[in-house]
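Basis for what follows: all heavy atoms, side chains included, without hydrogens, waters or symmetry-related copies. These numbers come from a predicted model, not from an experiment.
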Amino acid sequence: MQEWPIIWEWLGFAARWVHVITAIAWIGSSFYFIALDLGLRRDGDFGGADGEEWQVHGGGFYHIRKYLVAPAAMPDHLTWFKWESYSTWLSGFVLLMIVYWTGAELYLIDAGKSDLAIWQGILLSAATLGVGWVIYDALCKSPLAEHPTVLMVLLFVLLVVMGYGLNQVFTGRAMMLHLGAFTATIMTANVFFIIMPNQRIVVTDLKAGRVPDAKYGKIAKLRSTHNNYLTLPVIFLMLSNHYPLAFATQYNWLIAALVFLMGVTIRHFFNSMHARKGMHWWTWLVTVLLFIAIMWLSQAGPVMKPLEEAEAEMPAHAVQFAEAEGFEEARDIVLGRCSMCHAREPVYDGIHRAPRGVLLETDGEIAALAQMIYVQSGKSDAMPPANVSWMEDAERAQIVRWFKNGS
């Protein structure tokens, strides 16, 4: 079982790979159908259809028609777009468990913000995925559904409040990820609980010879539009864990809020263009200004414990590695080869903040990150990057011995 960390790393890689693949499929089909719906030509007689479009791709021509409710007769073969959404959410949930639940001490709970037990942090993590959907769904089923703009503003407020609240107990990285997962859950739940059931009702009515109620299509389109505007912020939040300036600074929750506004401005430009309502270039100016505001907010830097205070701490899960045979040698290797960058005040030229917010200056910090050090500097040469500090093979071997003794 000493190689379990290696197996776990590859399981995380596999889950992430599936998640990215399914997300590409979901986002691609979502963007395509939104663009198709907005771009339909409705200035003619299309035999009962709401509109049509001619498209060319891959050397062939496509003649597409949309029926506002349904065609006069159901086709024998009907393609449903749902598994892309479900697979994205399920693979993302597995990835959440692999990274943030099993690694709760490192990635989920910020001991400097709260004293949550691991099980409490995991329970809160799971709860955040559902609570947003309950509130959002209630808003959509209220009279506010007739006022889409007001509804979107309230959804934005809900997301900002959720981001701020999560940042009070979770690490910045976990806050960003959970805000993205919280939003993605709303999007998938829209498909599972609203869009698909409404489509099934229409199909059932048609098969029974009844005229379907147009309200089901209207409701589904509202939820689909929300999904369209939420997609880009979710992608940003999922990528944010690679950029400490996004998640490991004082105003990370506010940065996340501005990202949601950027998603709206970018999608508004493309939606207007596809609907042949002109190219609203002002949206790009607003987007750039929002991005500049994000860069400015990130200058506030992280909230870090002073070195003296950190030196006095030893996380409970790190004790076994701090007491393992070979720790002193491994610690000295890390301090000599890694800590010039992974410090509160990096001294390596061109490095102004610790990469990915990882600090390796104290016994507690080094022992707490034993598995990461083992994988990236013992079993691989990922760190130091390009071996800029000349870590020797014998030193990597010592890191491996220390980790195995501790595990």
Salt-bridge present ([X], [Y]; N to O < 4.0 Å):
X	Y	value
R41	E52	no
K305	E311	no
R396	D381	no

Between F321 and F403, is a ring pair (Phe, Tyr, Trp, His ring centres under 6.0 Å) present by the stated rule, with each step listed? CA-CA 7 Å; F321 291 104; F403 180 81; 5.2 Å; yes
Mind jotting down which residue pairs meet the salt bridge (Lys or Arg N to Asp or Glu O under 4.0 Å) criterion with at least one end in [range]? Sequence neighbours excluded, please.
range	result
residues 188-206	D205-R210
residues 153-172	none
residues 292-302	none

Among residues at least two apart in sequence or on other chains, which ones pass salt bridge (Lys or Arg N to Asp or Glu O under 4.0 Å) with [X]?
X	answer
D137	K141, R223
K218	E146
E84	none

Restricting to pairs with a member in residues 159-173, which pass side-chain hydrogen bond (donor to acceptor under 3.5 Å, both in side chains), not counting sequence neighbours?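 Qualifying pairs: Y100-R173, K113-N167, N167-N252.
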Output every pair passing side-chain hydrogen bond (donor to acceptor under 3.5 Å, both in side chains) with a member in residues 229-242, not counting sequence neighbours, ordered by first then second residue.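 Qualifying pairs, neighbours excluded: Y229-N271, N241-R356.
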For atom [atom1] of [X], is the number of surrounding heavy atoms from other residues, nucleotides or ligands below 6.0 Å larger than 12?
X	atom1	answer
W10	CH2	no
E345	CD	no
F93	CZ	yes

Going by heavy atoms in the side chains, are Y86 and T188 under 4.5 Å from each other?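 Answer yes - side chains close enough.
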Results of ring-ring contact (aromatic ring centres under 6.0 Å, His included) for F260 - residues two or more places apart only: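 With neighbours one apart ignored, the set is empty.
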Restricting to pairs with a member in residues 41-66, which pass ring-ring contact (aromatic ring centres under 6.0 Å, His included), not counting sequence neighbours?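 Qualifying pairs, neighbours excluded: W54-H63.
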Provide the full list of ring-ring contact (aromatic ring centres under 6.0 Å, His included) pairs with a residue in residues 111-158, sequence neighbours left out, each pair given once.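 The answer is W133-Y136, W133-F193, Y136-H226.
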side-chain contact (heavy atoms from CB on, under 4.5 Å) partners for A354, two or more places apart: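 Once residues adjacent in sequence are excluded, the partners of A354 under the side-chain contact (heavy atoms from CB on, under 4.5 Å) criterion are L359.
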Out of R42, R65, K66, which one pairs with D50 under the side-chain hydrogen bond (donor to acceptor under 3.5 Å, both in side chains) rule?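 Among the candidates, only R42 passes.
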Please determine, by modelled atom types, if T88 and H19 share a side-chain donor-acceptor pair under 3.5 angstrom.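 T88 vs H19: no donor-acceptor pair found between side chains.
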Between S298 and T249, a side-chain donor and acceptor under 3.5 Å: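 Side chains of S298 and T249: no pair found under 3.5 Å.
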Between W282 and H268, does the ring centre distance come in under 6.0 Å?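 Between H268 and W282, which both carry aromatic rings, the centre distance is below 6.0 Å.
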Cation-pi check for F31 against R267: NZ or CZ below 6.0 Å from the six-membered ring centre and within 45 degrees of the axis, yes or no?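 Satisfied, under 6.0 Å and within 45°.
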